[in-house]
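Proteins come first, then strands; the chains are lettered A, B, ... in the order of their sequence lines, and each starts at number 1. Only a predicted model underlies this, so the values are computations on that prediction, with no experimental measurement involved.
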Amino acid sequence: MDKTYQPQDIETSWYKTWEDSGYFKPSGEGEPYCIMIPPPNVTGNLHMGHGFQESIMDALIRYHRMQGNNTLWQVGTDHAGIATQMVVERQLDAQGISKHDLGREKFIEKIWEWKEESGGNITQQLRRLGASPDWSRERFTMDDGFYKAVQEAFIQLYEEDLIYRGKRLVNWDPKLHTAVSDLEVLSEEEDGFMWHFRYPLTDGSGHLVVATTRPETMLGDSAVAVHPEDERYKDLIGKTITLPLVGREIPIIADDYVDKDFGTGCVKITPAHDFNDYEMGQRHDLPIINIFNDDAQINNDSPDAYRGMDRFDARKQIVTDLDELGLLEKIEPHKLKVPRGDRTGVVIEPYMTDQWYVKTQPLADEAIKAVENGDIKFVPKQYENMYFSWMRDIQDWCISRQLWWGHRIPAWYDEQGKIYVGRSEAEVRSKYDIPSPIKLRQDDDVLDTWFSSGLWTFGTLGWPEETEELNTFHPTNVLVTGFDIIFFWVARMIMMTLHFKKEVPFDTVYVHGLVRDSHGQKMSKSKGNVLDPIDLIDGIDLESLVTKRTAGMMQPHLRKKIEKQTRKEFPEGLASYGTDALRYTYYSLASTGRDIKFDVGRIEGFRNFCNKIWNASRYVLMNCEIQDDEGNRIEAHDCGQDNSEDYELSVTDRWIVSKLQEVEKAVADGIDAYRFDLASQALYDFIWNEYCSWYLELSKPILTSDTSTPAQKKGTRRTLIRVLETTLRLAHPLMPYITEEIWQRVKDLAGVDGSANSIMLASMPVCDESKIDQQSIQDVEWLKQVIEGVRNIRGEMNISPAKKIPLFFANGSDEDQRRLQSNEQYLMTLASLDKITWLNANDSAPMSATSLIGDMEILVPMAGLIDKNAEITRLNKEIDKINNEMARVDGKLNNPKFVDKAPAEVVQKERDKLTDMSAALAKLKDQEKKISEL
RNA sequence: AGGACUAUAGCUCAGUUGGUUAGAGCGCUACCUUGACAUGGUAGAGGUCCCCAGUUCGAAUCUGGGUAGUCCUACCA
C-alpha cells in the first residue's frame with residue numbers, strides 16, 4: 001500500500017467493477033427496499049445539492065443492501081420541459097435561428113440531439129459520487145413506456161372529470177409564450193410607483209381619482225370600484241365614468257373588497273389583467289377587455305395610438321398622454337410585489353387563455369388524509385405543516401404549456417372545436433365514430449413537466465401494466481428531497497399515486513435543506529461562489545477555477561469581483577479530496593432541517609480522516625503479514641482465524657471489541673433516524689480516537705515485546721484485523737471506495753468467506769450486546785487516565801517526550817494494584833516510563849509532581865526534571881478548578897429545598913462528588929504545601 | 001399580514017425524556033520527525049448557551065415576552 005491515501009487511484013476502477021458485475025441490481029431476496037431518485041434534468045449538471053441528496057440516498061441503499069434487503073434504487077432523468085427547451089433555443093439563437101424557422105418537428109429533433117449529446121453527463125457525474133442505482137433500469141420521463149403512463153393518466157383523469165379545459169386568467173410568460181403554474185411565479189418586492197389619475201364622471205359633475213401601479217392596464221378598465229360604506233363616494237355608485245383615452249363609459253360599482261384607507265379608496269377594475277379584478281368582474285358581470293397580445297404588446301382591439309406597443313412603452317405613453325390631458329394628479333414612489341417567471345425573470349402577465357386544468361380538490365383531500373393518518377411521514381416533521389397549509393388551500397392546477405418539448409396533450413379537436421381525448425387519432429376516430437372526411441387536429445400544447453414527474457414512483461415500475469416490480473417495490477420506502485420542491489413534486493406525487501395506485505408513493509419523505517457556501521450564501525453563478533462536486537473530488541487549479549466561475553459572465557465588474565474573491569478564498573485552487581471525503585462531509589453536515597453551509601475546511605478534515613484509515617490499515621497489515629519492501633504480502637501471519645483456540649485476548653482486545661459494539665449501534669441508530677451527522681460522528685470518533693489513538697498504540701507493546709506469548713500476539717492480531725474488517729463494513733455505506741479497497745486486502749486475514757467478492761455485498765455489522773465487557777471498559781478507562789495523567793505532567797512541565805521517567809503509585813487500592821500489574825507493559829510504553837514503583841501505606845515518596853486517579857496518586861519525581869514553581873502553578877490551577885466546582889456543589893447541598901425535593905439518587909450523586917473533591921483538594925493542598933516548603 | 005425555523009467556543013455545528021465540570025471538527029498556542037500516518041502526535045487556551053421574565057430544589061433544555069436572522073404562504077389597487 002502507498003504511504004498516503006490517493007483517492008484517484010482507487011475510485012474509478014472500483015466503480016466499474018461494481019457496475020459491470022451487476023452488484024447494483026436488486027438481489028431478488030429479502031424484504032424489498034426501494035428509493036426512487038428525484039430525476040435530475042437530463043441535460044443538466046450535477047451541483048452540490050444533487051451531490052448531497054444522492055450521497056444520502058446511496059448511504060441508505062448500501063446500508064439496506066448490506067442488511068440483506070432486496071434493494072432497488074430506481075434511477076432516471078427528467079425531460080425538464082421549459083429548462084431544456086430554453087437551452088436549445090438559446091443555442092439556436094446564437095446561430096441566428098429561431099425555433100419558428102425550424103418548425104415544431106425539426107426543433108424537437110434538435111432537442112433530442114441535445115439530449116443525446118449531453119444526456120449522459122449527469123449520469124456519469126452520479127457515478128463519480130459512487131452512487132449505486134440499478135443502471136440497467138434507467139428511465140427517462142419521455143421514453144416510450146413513460147409516455148404511455150402519462151397518456152393513460154391524462155385520459156383517466158379526463159374521463160373521471162378531473163381534467164377539464166377552461167378559459168380563464170392564467171400566469172402568462174410573454175417571453176416563453178406559455179402559461180405557467182402559480183408555483184413557477186416568484187414575487188419579489190421591487191421599487192415602483194403609484195400613479196394617481198383623474199377619471200371624469202360621464203355627467204360632467206367632476207372626477208374620481210384612482211390609484212394604480214400599472215397605468216397601461218387602464219385601456220382594459222371596465223369599472224371603478226369603491227367601498228359600499230365609503231361616505232365620500234356613496235352617492236356616485238351607479239353613475240358612470242368616461243374612460244380617458246378610450247372613451248368607454250364604465251360604471252362605478254360598490255364592492256367591499258375595496259379598502260377605504262388604501263390609496264384614494266377608488267380602484268380601477270381591469271378584469272382581463274388582474275386576478276382580483278377578474279373575481280370582481282365575475283361578481284358584477286363586467287366585460288373582460290383584453291388589451292394584450294401574446295408578447296404583452298397592446299393588441300388591435302385597443303386605441304390606435306397604442307397598438308403594437310410594448311407594455312412598458314405603453315405605460316410611459318399613457319402616463320404622458322393623461323398628464324397632457326391634465327388627468328395626472330400625482331406620482332408616488334411605491335414598493336410593490338412584482339411577479340416574475342422563475343425561468344425567464346420577465347414580469348408575468350395575468351392573461352385570458354384556454355388551458356387544461358386538473359381539478360385538485362378531490363385529489364388533495366386524499367393526499368391530506370394520507371399524511372394526517374401517518375401513512376406518510378415527513379422527516380423533519382415540521383414540514384408536514386407546510387404541506388398541509390398548501391394542500392388545504394390548493395387551486396386547480398394548470399397543466400398545459402405552450403411549449404414544444406414535452407408530452408403532447410392527447411386531445412383532438414374537430415372543426416367545431418369539439419374535444420376528443422384518446423390514445424391516438426385513430427383510437428379517437430373509432431371510439432367516437434368520426435369519419436375520415438372530418439378533419440381532426442391534435443392539441444398543440446404539452447403537459448407541465450411536473451404532471452409526468454407526479455407519476456414517477458409507479459410509472460418507472462411499469463404502470464399501467466401490473467408488473468412484478470410494481471408489486472414488489474411499490475410503495476417505495478423513502479423519498480429524499482429538498483424542501484423547495486415539496487409543492488412542485490412531493491404533493492403532486494402523493495395526489496397522483498393515491499389516485500391511480502390507491503396506495504402511497506412512499507412511507508417517508510426525508511427533507512433536507514439547501515447547500516450554501518461557507519458564509520451561508522446561496523450558491524449561484526452570478527455570485528461566483530459555486531462549488532462543483534466533481535472539482536472537490538478531482539481538484540482544480542486556481543486558473544481553471546477562475547475561468548470556470550467567470551465563464552459567460554457578461555458584466556465586466558462582476559467578472560472582476562468574482563475573480564478577486566476566488567483568488568482570495570482559494571489561493572491554491574482546490575485539492576483533490578476524493579469522493580469518500582466529499583460524501584463524509586455531506587453526512588457530517590446532514591443534521592435535521594437546517595440548510596447546509598459547506599466549508600472546504602471540513603472536506604479537508606475528512607480527507608485526512610481517510611488518510612488515517614488508510615495508514616491504520618497499513619499498520620494492521622504490516623503486523624498481520626510478512627511484506628516485501630513495497631508492502632506487498634509475501635506470507636500471512638496466523639491471525640487466529642482457524643477454529644483453534646490457541647490465542648489469548650487481552651483486556652484491550654476485549655475493550656476495543658466492546659467499543660466496536662457501541663459504535664455499531666450508534667451508526668445503525670443514526671442511519672435509521674436519518675441522522676447521518678450522528679452516525680458519521682460516532683464512526684469518526686471510534687476510528688480515530690478509540691481504534692487508532694488508543695487501540696493501535698496499545699497493540700504495539702504486545703506485538704513488539706519479547707515477553708508477550710505467541711498466544712497473546714495472535715490474539716492481538718486477530719483483534720486488530722477483525723475490528724478493522726468490521727469497521728470497514730460499518731463505514732462502507734458512507735465511504736464506499738476506500739473501504740472496498742482496503743477490505744479486499746484484509747478480508748482473508750480476517751477470516752471472511754472466500755466467496756465474498758465485494759464489501760458492498762458483505763453484511764452490515766450488528767451490535768452484539770453480549771460482546772460488551774464492562775470490566776474491560778473500566779480497566780482501560782483506568783489505564784487511559786494514568787497515561788493521560790503522566791502526559792499532562794509531561795506536557796505542562798515541558799519534559800521531553802523522549803525522556804523516560806520513573807513513576808510511583810501511592811494510596812492505591814487492591815483493585816488499582818491489580819490493574820497496574822496487568823497493565824504494566826502498556827504503561828511503560830505509552831507513558832514512556834523507565835520504572836514503576838508501587839508504594840505501600842508506610843513507604844515514603846520522593847518529592848513529586850502529582851496527579852490524582854480517584855483516591856490514588858501517581859507521582860513523577862521532581863528531581864532533575866521538574867521546576868518547583870512550575871509545579872506549584874500547575875497544582876494551583878487544579879486547586880482552583882476544584883474549589884470552584886466544590887463551591888457550586890456545596891451550595892446545592894446546603895439548600896434544604898434541593899435536598900428535600902430532588903430525587904435521592906441525584907442528591908447522593910452530588911454528595912459523592914463533594915466527598916471525592918474534598919479528598920482530592922486536601923491531597924493537592926498538602927502537596928502544594930510540601931513543595932512550597934522545599 | 002399569517003406561519004415555520006434558527007440563535008451554544010473565533011468559524012461550522014452536536015447536545016436524546018430538565019440533574020454533564022456544556023461537547024466535536026476546523027482554527028489558535030506550546031512542544032515533538034518515536035517505526036501506520038506531519039493529510040501526523042502530545043499537552044493546552046478558548047463559552048454570560050441572544051436578552052428579559054416565569055415554572056422548578058435545579059433551565060442550554062420547559063412556558064411567556066422581546067431582539068436579530070433565514071425561509072414559506074397570501075397579498076392593497
Between [X] and [N], is there a contact of a side-chain N or O with OP1 or OP2 at under 4.0 Å?
| X | N | value |
| --- | --- | --- |
| Lys897(A) | C57(B) | no |
| Arg888(A) | U21(B) | yes |
| Lys612(A) | U39(B) | no |
| Asn792(A) | G44(B) | yes |
| Asn884(A) | U21(B) | no |

Candidates [options] - which lies nearest the side chain of [X]:
| X | options | value |
| --- | --- | --- |
| Thr212(A) | A36(B), C5(B), A77(B) | A77(B) |
| Trp688(A) | G41(B), C26(B), U12(B) | G41(B) |
| Lys877(A) | A36(B), A77(B), G44(B) | G44(B) |
| Thr213(A) | C37(B), A4(B), A77(B) | A77(B) |
| Lys913(A) | C57(B), U20(B), A4(B) | U20(B) |
| Phe487(A) | U12(B), C57(B), U73(B) | U73(B) |
| Asn611(A) | U21(B), G44(B), C37(B) | C37(B) |
| Pro903(A) | U42(B), C57(B), U39(B) | C57(B) |
| Tyr257(A) | C57(B), U12(B), A77(B) | A77(B) |
| Met386(A) | A43(B), G25(B), C72(B) | C72(B) |

Over how many whole Å does the gap from [X] atom [atom1] to [N] atom [atom2] extend?
| X | N | atom1 | atom2 | result |
| --- | --- | --- | --- | --- |
| Lys700(A) | G41(B) | NZ | C1' | 10 Å |
| Leu703(A) | A36(B) | CG | P | 10 Å |
| Met622(A) | C37(B) | CE | P | 7 Å |
| Tyr684(A) | G23(B) | OH | P | 18 Å |
| Arg618(A) | A38(B) | CZ | C1' | 14 Å |
| Arg607(A) | U39(B) | CZ | P | 8 Å |
| Phe378(A) | C5(B) | CZ | P | 15 Å |
| Asp685(A) | C13(B) | CG | P | 21 Å |

Watson-Crick or G-U wobble partner of [N], both distances under 3.5 Å:
| N | result |
| --- | --- |
| A68(B) | U6(B) |
| A45(B) | none |
| G25(B) | C11(B) |
| G58(B) | none |
| A1(B) | U73(B) |

Checklist line | Over-ring placement of Lys700(A) relative to Tyr619(A), 6.0 Å and 45° cut-offs | finding: yes
* Are Arg392(A) and Phe388(A) in a cation-pi contact, defined as NZ or CZ under 6.0 Å from the six-membered ring centre and within 45° of the axis? -> yes
Side-chain donor or acceptor of [X] under 3.5 Å from a matching atom on the base of [N]?
| X | N | value |
| --- | --- | --- |
| Lys381(A) | A4(B) | no |
| Glu697(A) | A36(B) | yes |
| Arg791(A) | U42(B) | no |

Any base atoms under 4.0 Å from [X], or only sugar-phosphate, or nothing? Heavy atoms, all strands.
| X | result |
| --- | --- |
| Val210(A) | nothing |
| Cys610(A) | nothing |
| Lys3(A) | sugar-phosphate |
| His334(A) | sugar-phosphate |
| Lys597(A) | sugar-phosphate |
| Arg675(A) | sugar-phosphate |
| Leu678(A) | sugar-phosphate |

Comparing Gly601(A) with Val899(A), nearest RNA chain B nucleotide closer to 5' gives the residue Gly601(A)
Quiz prompt | Trace of the salt bridge (Lys or Arg N to Asp or Glu O under 4.0 Å) decision for Lys597(A) with Asp517(A) | solution = CA-CA 5 Å; Lys597(A) 291 185 196 168; Asp517(A) 76 4; over 6 Å; no
message = Can you tell me how the ring of Phe52(A) sits relative to the ring of His512(A), calling it parallel under 30°, perpendicular over 60° and tilted otherwise?
response = perpendicular
task: Please determine if Lys784(A) and Glu690(A) form a salt bridge, counting it only when a charged side-chain N lies under 4.0 Å from a carboxylate O.
output: yes
- Query: Is the closest side-chain heavy-atom distance between Asn792(A) and Arg874(A) below 4.5 Å?
  - Reply: yes
Between the side chain of His273(A) and the main-chain N/O of Ile291(A), is any donor-acceptor distance below 3.5 Å? yes
